[in-house]
Amino acid sequence: NGDIPLASGVGTPTTVTQDPADFDRNLRWGGIEIERVYLEWSAHTHVTIRGGQFLTPYGVWNVDHGSPTFIPVQRPYVVGEALFPERQTGIEVFGRWDPTQNGTLGYHLTLSNGEGPISEYRDLDDNKAIGGRLFWEQHNLGLRLGASGYYGRSTDAISSVGLGPDGKARAVDKLYYQFDVLSLAVDAVWKYRDLLVQAEWISRQRAYTASGR
């Protein structure tokens with residue numbers, strides 16, 4: 001996550017630069033970027049519990065993030081807009097069930113630190129984010145339909161030491177931004193012989209807090 005500037009001694013320990021290969025979007029670059037690190041426990045045939053940093057289960061592209069072959073040269077533009085967080089740190093519960101011979105129902109539930117510049121190891125607002133995904137696969141048709149949701153608070157803030165009215169040292173918090181996020185998505189994938197058709201629709205609503213705009 002980078003480091004705190006030595007000159008001021010305060011700030012958010014994240015190095016941010018622009019990525020010329022991704023429409024000059026901000027790229028968080030702290031030297032090493034860990035995509036996934038977690039522990040899993042198969043508690044039941046239909047229940048697996050995962051704890052750590054995991055890819056957010058939504059849409060087509062992010063769920064298939066680890067595929068050895070990507071069709072496009074770059075990830076889809078809408079995915080790069082980060083309407084859902086790409087990764088989260090927390091707990092994920094997921095599983096699948098075959099109610100019919102050719103049908104599979106799957107689910108994901110998440111509880112995490114949400115978004116933020118250092119969400120990998122700290123929750124700056126102590127307000128957990130929740131999310132989930134539900135999908136249906138019809139194997140004989142090669143069809144998969146899914147829906148995803150995410151709700152949480154995104155905060156960027158710093159803490160420093162200052163003097164209070166009584167002259168005593170106390171912690172001073174400064175907000176750079178703070179808002180509540182509601183993200184929704186639906187997706188579909190159809191595979192027929194050598195034909196692959198896939199699409200996803202993603203939306204994001206942002207509501208700033210009174211002191212975080």
Out of curiosity, does [Y] fall in the hydrophobic cluster containing [X] (side-chain heavy atoms, cut-off under 4.5 Å, transitive links)?
| X | Y | value |
| --- | --- | --- |
| Ile130 | Leu182 | yes |
| Val79 | Phe23 | no |
| Trp41 | Tyr107 | yes |
| Trp136 | Leu109 | yes |
| Phe94 | Leu134 | no |

Atom of [X], atom of [Y] and distance for their closest heavy-atom approach:
| X | Y | answer |
| --- | --- | --- |
| Ala188 | Leu145 | CB-CD2, 3.6 Å |
| Gly59 | Ser148 | N-OG, 3.6 Å |
| Tyr150 | Gly114 | OH-CA, 3.3 Å |
| Tyr177 | Ser154 | CE1-OG, 3.5 Å |
| Pro85 | Tyr58 | O-CE2, 4.2 Å |

Using only atom types and a distance under 3.5 Å, with no angle test, would you say the side chain of [X] pairs donor to acceptor with the backbone of [Y]?
| X | Y | value |
| --- | --- | --- |
| Ser42 | His44 | no |
| Thr155 | Leu124 | no |
| Asn62 | Glu86 | yes |
| Glu115 | Gly152 | no |
| Ser183 | Leu83 | yes |
| Gln198 | Val60 | no |

Gap separating the [atom1] atom of [X] from the [atom2] atom of [Y], nearest 0.5 angstrom:
| X | Y | atom1 | atom2 | result |
| --- | --- | --- | --- | --- |
| Trp201 | Leu184 | CH2 | CG | 6.5 Å |
| Arg87 | Ser112 | CZ | OG | 13.0 Å |
| Phe84 | Ser203 | CZ | OG | 7.0 Å |
| Glu35 | Leu55 | CD | CG | 6.5 Å |
| Ile118 | Thr89 | CD1 | OG1 | 11.5 Å |

Residues in side-chain contact (heavy atoms from CB on, under 4.5 Å) contact with Thr110, at least two apart in sequence or another chain
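Per chain and number, Thr110 pairs via side-chain contact (heavy atoms from CB on, under 4.5 Å) with Phe54, Pro57, Gln88, Glu92.
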Is there a side-chain contact between [X] and [Y] in this structure, where contact means two heavy atoms from C-beta onward sitting under 4.5 Å apart?
| X | Y | value |
| --- | --- | --- |
| Asp187 | Arg133 | yes |
| Leu195 | Trp190 | yes |
| Glu81 | Ile202 | no |
| Lys128 | Asn113 | yes |
| Tyr151 | Asp180 | yes |

Parallel, tilted or perpendicular: rings of His108 and Phe135 (30°, 60°)
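Answer is tilted, since the angle falls between 30° and 60°.
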By salt bridge (Lys or Arg N to Asp or Glu O under 4.0 Å) - contacts of Asp125 (at least two apart):
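Residues passing salt bridge (Lys or Arg N to Asp or Glu O under 4.0 Å) with Asp125: none at all.
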Residues, nucleotides or ligands: over 12 heavy atoms within 6.0 Å of Ile49 CD1:
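Yes, CD1 of Ile49 has more than 12 neighbouring heavy atoms, counting only those of other groups under 6.0 Å.
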For atom CD1 of Ile34, decide whether the heavy atoms of other residues, nucleotides or ligands shown that lie under 6.0 angstrom number more than 12.
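No, because the 6.0 Å sphere around CD1 of Ile34 holds 12 heavy atoms or fewer from other groups.
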Among Asn127, Thr209, Asp156, which one satisfies side chain to side chain donor-acceptor pair (under 3.5 Å) with Gln178?
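It is Thr209, the one option of Asn127, Thr209, Asp156 that forms the side chain to side chain donor-acceptor pair (under 3.5 Å) with Gln178.
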Worked check of side-chain contact (heavy atoms from CB on, under 4.5 Å) between Arg25 and Asp19:
CA-CA 6 Å; Arg25 292 188 176 111; Asp19 185 358; 5.5 Å; no
So, are Arg96 and Glu137 salt-bridged, with charged N and O less than 4.0 Å apart?
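Looking at Arg96 and Glu137, the cut-off is met.
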